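Before any comments, here is the structure.
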Amino acid sequence: MKKYYLAIDIGATSGRHILAHYDENNELVYEEVYRFLNKTIKKDGHLFWDVNLLFKNIIDGLKECKKINKIPTFIGIDTFGVDYCLLDENDKLVRDIYSYRDFRTDISKLEFEKEMGIDTLFKKTGVYPHSFNTLYQLYDDKMHGLLKRTKTIMYYPCYLAYLLTGVKNNEISIASTSGMLSSKTKDYDDDILNILGINKDIFAPTIEATNIIGELKKDIQEEVGFNAIVKQVYCHDTASATIGAKTNKDEIFISSGTWSLIGVINNKYTNSLEIFDQGFTNELNSKEEIRFLKNIVGMFIINEIEKEQKERINILTIVEMAKKGTNYKEIFDPTEHKFLAPASMEQTIKEDFIARKIEPPKNLEELFYCVYNSLAHAYKKAVEDIEEITHKKYDTIKVFGGGSKNKFLNQLTEDITKKRVIEGPSEATAIGNIYSLLD
């Protein structure tokens, strides 16, 4: 009888249920059994995750496994980083779950930095102080008195696993995106927690990937028609992706999707103030393996421009349009904060050029090419910085994730960086998730 492993891989815009099993040649075979949209909802001027719809889709995907008679033995959930939930003493949500794209932290970041400067913070944590970091989100919660009503803090994928099992825990790769772990102890930093007015017991216990969380709750079993074991995986999608792509220390990686995460695998933190100035961060796969990387807004830019058009444009058409816009050679910096969640991506890009007294792209063909070209140049700058920081030359860039299927961008990246670009698996995150589930 075949044993099935189910990865529930949730990105910022979509999610999927990927089943795996060993075939007669002892090779893992993967199949997507369910796909769904993930979205934010706007309420009172803020962006929140539609967690009710998301969890319904998680359940519907489990029902699909039952329907096709491929019952998973083990289940794992991964998501994007930094976002979390607050639970009260009755294990109810203190508030809706904010999206990291919400701008509420613009104020709380400034307020926190009055108590601890970003230089000190970076030396403590090695995490670049992005405005969306969990730390600044929690400081906003403190400013609004919400932490006083909170008994438990759980990161988003761990909360979703809790809804399935009733067991509370957190996992270290997702915790490392918070900006609160000490680079020395790899545990929550006391000085940071003191500023927040909390202690580390408020966080659900941290367990390593591959450990068992628990079985499905009885009511979930009755709803989906089977029982299964939920295991802790590398909850942060980039951690799972680097595991799934089998990234090694002799290559630069780009996890290409909504974000472009470009970096290398290290075994120690790199947190000098020089690399802080270059915008790099350190995140954990495990306590022994560190992702040293830079966050660049990725396919989100293309997706937002496409959504603003009167008619939908598929990605193949976008690429063909970009090929017609290659005469436009100007670029913008996709690492800038203003491209995180603008009201209009197209207008924001045009305004960026106008502010620099540069003629902006005059049509969609030029605009799409400009985005791809700007991303490739941002990769080139990051590669140069990585080689300078690590005192090491790299011949290869491994691109994986959904964006790895964009051969036009891959070729641009190869041409501009002068590095060999190899394509890793497009479903690297789900594969890494499944690797954590295997017996």
Side-chain angles (χ1 to χ4, degrees), residues 8 10-12 15 38 40-41 43 46-52 54-55 58 77-105 108-109 112 125 127 129-181 187-189 192-193 195-207 209 213 232-240 259 281 283-284 295:
I8 302 175
I10 300 167
N38 187 28
T40 55
I41 51 178
K43 185 168 71 172
H46 291 280
L47 286 176
F48 299 92
W49 293 111
D50 191 345
V51 67
N52 292 327
L54 175 59
F55 192 67
I58 289 174
I77 302 177
D78 67 79
T79 73
F80 39 85
V82 308
D83 288 345
Y84 60 94
C85 72
L86 307 177
L87 298 182
D88 64 19
E89 60 183 10
N90 297 312
D91 294 331
K92 302 297 183 185
L93 288 174
V94 172
R95 56 151 175 78
D96 292 330
I97 300 176
Y98 278 98
S99 164
Y100 63 82
R101 293 194 185 278
D102 186 79
F103 283 122
R104 69 184 177 125
T105 54
S108 60
K109 184 176 188 292
F112 180 90
T125 66
V127 175
H130 292 291
S131 62
F132 49 71
N133 288 355
T134 312
L135 167 60
Y136 300 125
Q137 294 197 53
L138 282 172
Y139 198 84
D140 180 78
D141 291 331
K142 175 190 176 182
M143 292 168 62
H144 289 86
L146 298 177
L147 296 184
K148 293 178 180 178
R149 296 162 45 198
T150 299
K151 183 179 179 182
T152 307
I153 299 173
M154 297 178 67
Y155 300 99
Y156 201 17
C158 305
Y159 173 65
L160 296 171
Y162 161 73
L163 293 179
L164 288 177
T165 64
V167 179
K168 299 175 187 173
N169 62 59
N170 287 313
E171 183 271 332
I172 197 163
S173 76
I174 200 81
S176 75
T177 68
S178 68
M180 295 183 289
L181 299 190
D187 199 356
Y188 294 97
D189 182 86
I192 293 173
L193 296 187
I195 293 173
L196 292 172
I198 57 178
N199 61 61
K200 69 179 182 180
D201 293 339
I202 198 172
F203 294 93
T206 301
I207 68 172
I213 298 174
Q232 190 57 275
V233 297
Y234 294 93
C235 279
H236 186 219
D237 51 10
T238 311
S240 267
W259 289 88
T281 194
E283 299 172 352
L284 298 175
N295 289 269

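Predicted model only: the values in this text are computed from it and were never measured.
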- Test log, rule side chain to side chain contact (heavy atoms under 4.5 Å, CB included), inputs Thr177 and Phe80: CA-CA 10 Å; Thr177 68; Phe80 39 85; over 6 Å; no

- Task: Just jot down the side-chain contact (heavy atoms from CB on, under 4.5 Å) partners of Leu163, sequence neighbours excluded, or say none.
- Result: Phe55, Tyr159, Leu160

- Parallel, tilted or perpendicular: which fits the ring planes of Phe132 and His130, with parallel below 30° and perpendicular above 60°? parallel

- Task: Indicate yes or no: at least one non-hydrogen side-chain atom of Thr152 is less than 4.5 angstrom from one of Tyr162.
- Result: no

- Query: Does Tyr84 use its side chain to pair, donor to acceptor, with the backbone of Ser178 at less than 3.5 Å?
  - Reply: no

- According to the interplanar angle, ranging from 0 to 90°, do the rings of Tyr155 and Phe203 count as parallel (below 30°), tilted (30 to 60°) or perpendicular (above 60°)? parallel

- Message: List the residues meeting side-chain contact (heavy atoms from CB on, under 4.5 Å) with Arg149, not counting sequence neighbours, and say none if there are none.
- Response: Val94, Leu146

- Message: Can you tell whether the side chains of Asp141 and Arg104 come within less than 4.0 Å, N to carboxylate O?
- Response: yes

- Query: Should Lys151 and Asn90 count as side-chain neighbours, where that means a heavy-atom distance under 4.5 Å?
  - Reply: no

- Message: Over 60° means perpendicular and under 30° means parallel, so tell me whether Phe48 and Tyr98 are parallel, tilted or perpendicular.
- Response: tilted

- Task: Check the pair Lys109, Tyr139 against side chain to side chain contact (heavy atoms under 4.5 Å, CB included), reporting the backbone distance first and the verdict last.
- Result: CA-CA 8 Å; Lys109 184 176 188 292; Tyr139 198 84; over 6 Å; no

- Value for OG1 (Thr238) from CD (Glu283), rounded to nearest 0.5 Å, stands at 6.0 Å

- Query: Any sub-3.5 Å donor-acceptor pair from Asp102's side-chain atoms to Leu47's backbone N or O?
  - Reply: yes

- Message: Tell me the closest heavy-atom pair linking Trp49 and Ser99, and the distance in Å.
- Response: NE1-CA, 3.3 Å

- Closest non-hydrogen atom pair between Leu193 and Lys200, with its separation: CD1-N, 3.5 Å

- Message: Minimum heavy-atom separation for Val82 and Asn133, please, with both atom names.
- Response: CG1-CA, 4.2 Å

- One should read off an interatomic distance between Cys158 SG and Ile153 CD1, to the nearest 0.5 angstrom, of 12.5 Å

- What one should report as the nearest heavy-atom pair of Ile174 and His236 is CD1-CA, 3.7 Å

- Query: Any side-chain heavy-atom pair from Lys43 and Asp96 closer than 4.5 angstrom?
  - Reply: yes

- Task: Mind listing the closest non-hydrogen atom pair of Ile77 and Pro157 along with its distance?
- Result: O-CB, 4.0 Å

- Message: Strictly distance-based, threshold 3.5 Å: is any side-chain N or O of Thr105 a donor or acceptor partner for the main-chain N or O of Ser131?
- Response: yes

- Nearest atoms (heavy-atom pairs only) where Leu284 meets Ser176: N-OG, 2.9 Å

- How long is the span from the CG atom in Leu86 to the CD1 atom in Ile202, to the nearest 0.5 Å? 7.5 Å

- Item | From OG1 (Thr206) to CG (Asn169), nearest 0.5 Å | 8.5 Å

- With side chain to side chain contact (heavy atoms under 4.5 Å, CB included) as the test, would you mind laying out the steps for Leu135 and Leu196 before giving the verdict? CA-CA 8 Å; Leu135 167 60; Leu196 292 172; 4.1 Å; yes

- When you measure from the side chain of Ser240 to the backbone N and O of Tyr234, does any donor-acceptor pair fall under 3.5 Å? yes

- CD/Glu171 to CD1/Ile213 distance, rounded to the nearest 0.5 angstrom? 9.0 Å

- The reported gap from CG in Asp189 to CE in Met180 (rounded to nearest 0.5 angstrom) is 10.5 Å

